[in-house]
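In what follows, every heavy atom counts, from backbone to side chain, and hydrogens, waters and symmetry copies are set aside. All ligand and atom numbering here is 1-based and tracks the order in the structure.
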Amino acid sequence: MHRHLSRFAVVAAGFMLATPIAAQQGAPGGPVPVELLRHRRAAFLASMPAGVAVIRSARIRSIEGDYPQDSDYRESNDFFYLTGIESPGGVLVMIQPDSGSARGEARLYLNPPPARPDPVSAPRTAAGPAAARLTGLEVVHARPPVPRPIRRGEAVIDPLDVVIDSIGGAHQLATIDYRRTIGPLRAVKDADEIRRLRIASGISAEAHRAAMQATRPGMWEYEIEAVLEYTFRRRGAERVGYPSIVGSGPNSTLLHYDLSRRQTVDGDIILIDAAAEFGYYTADVTRSFPINGRFTPRQRAIYALVLGSQQAAIDAIAPGITLAELNRISRDYMKEHSGTLCGDQSCDRYFIHGLGHMVGLDVHDINPYFTELRPGMTLTIEPGIYLPDEALGIRIEDVLLVTETGSENLSAGVPRTVDAIEALMASGRGP
Ligand code: GLY
Ligand code: MN
Ligand code: MN
């Protein structure tokens, strides 16, 4: 990695801290409880086929090579799920000699602690007792350093890959593609994952409320985006779960409009699809509301149809049902209640995307579309109707946690009905 280090290093040396701040200290999400990490790894080993699974941490992005200021390190989801730590260079090796057995071993390799204080980078979790404490592993191995290329761009062999090959060779085990092992595990959230999703959804709901209260005709879309993202960050979200969608008027009909460049005008609808990522878990929340605080009769009618279609699906969520079935239920509702709102045809021809998806570490999380829902799964329900000829797009999206008997709406803190939205917007405008 290239850093313009020389001048900076001289200046920074004068301010060097005697004791570096412990890595991950102060992360708003807090540590993942070690008993849950141990349980996740045991479940992984119990369900993986015989072989070696290699779960790598994320790459450090290059400030010069990728995007300006894009060094914000975010751990890879699978690595974080199984170790609970952020550690560039880290590799978790899961070794299972017999398919389906309770045996097996998790071996974690992390960079050794830096030999000298690093005046440039944020501290990261390195091999040692702190890493063992955070991960719940007895031993955390220091990985051998990767040699620097002699010429720029030259391929180098990572000595850890040689170590991993020798583990496989010694046990006569092949390296496996572990996605089918981790997918079903990540789909059902444990208590700490639900805690994080609950907070991410709560922060997102608060931000949507703030946006509803702040919005006035004439504001630019980016100003409204700033209200949302200010609330995310102020409440401890590390980043947005995905680029915020703030689309007014014609932009409300573009599913993933992310430019936020238009000035709103009186009479517009605005569609906001934005959510916080908290402790690595993201919500996914959409609300659509009138810029001036009052729905027109037409906006109100389309809104009511989308809301009814969303509620029909939410009411049907229970263990055993599939997302595919919920999609059919929601569309059937829309077909039956369209009347003449969309002309001769049902409005569901303008419902141009799927009803929902799983959410978790990824906004579009491992997606068992045809798999029966189980308690602990978290998904979105997000019907929409998009009418470009009328510059009118309505989507309503919430995060639902599947429970033993039905579901819980984790993003219920932001109004969903026409009356509740109008009341909140009026409260933001003062007497
Ligand atoms: N925010 C992306 C989606 O709703 O799927
Ligand atoms: Mn979504
Ligand atoms: Mn969304």
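- At a threshold of 4.0 Å, the pair Asp362-Arg186 counts as salt-bridged, since one of the basic side-chain nitrogens sits closer than that to a carboxylate oxygen.
- Contact annotation: Arg395 has no heavy atom less than 4.0 Å from any atom of ligand 1.
- Taking a cut-off of under 4.0 Å to the non-hydrogen atoms of Asp273, the atoms of ligand 1 that pass are 1 (N), 2 (C), 3 (C), 4 (O).
- Gln310 pairs with exactly one of Arg416, Glu382, Arg395 by the side-chain hydrogen bond (donor to acceptor under 3.5 Å, both in side chains) rule, that one being Arg416.
- Shortest contact from atom 3 (C) of ligand 1 to any protein heavy atom: Asp284 OD2, 3.3 Å.
- Using cut-offs of 30° and 60° for the angle between ring planes, the Phe44 and Tyr178 rings count as tilted.
- Close approach to Glu397 involves these atoms of ligand 1, each under 4.0 Å from a residue heavy atom: 4 (O).
- When distances from the Mn ion (ligand 2) to the N, O or S atoms of His357 are compared, NE2 comes out shortest.
- A parallel orientation is assigned to the rings of Tyr222 and Trp220, their planes being inclined by less than 30° (bins at 30° and 60°).
- Looking at Asp190 and Arg195, no side-chain N of the basic residue comes within less than 4.0 Å of a carboxylate O on the acidic one, giving no salt bridge.
- The name of the N, O or S atom in Glu382 nearest to the Mn ion (ligand 2) is OE2.
- Put simply, the residue from Ser260, Ser248, Ser244 that forms a side-chain hydrogen bond (donor to acceptor under 3.5 Å, both in side chains) with Glu221 is Ser248.
- For Asp284 atom OD1 and Glu397 atom OE1, the angle they make at the Mn ion (ligand 3) is roughly 90°, to 10 degrees.
- Interface atoms of ligand 1 facing His364, defined by a heavy-atom separation under 4.0 Å, are 2 (C), 3 (C), 5 (O).
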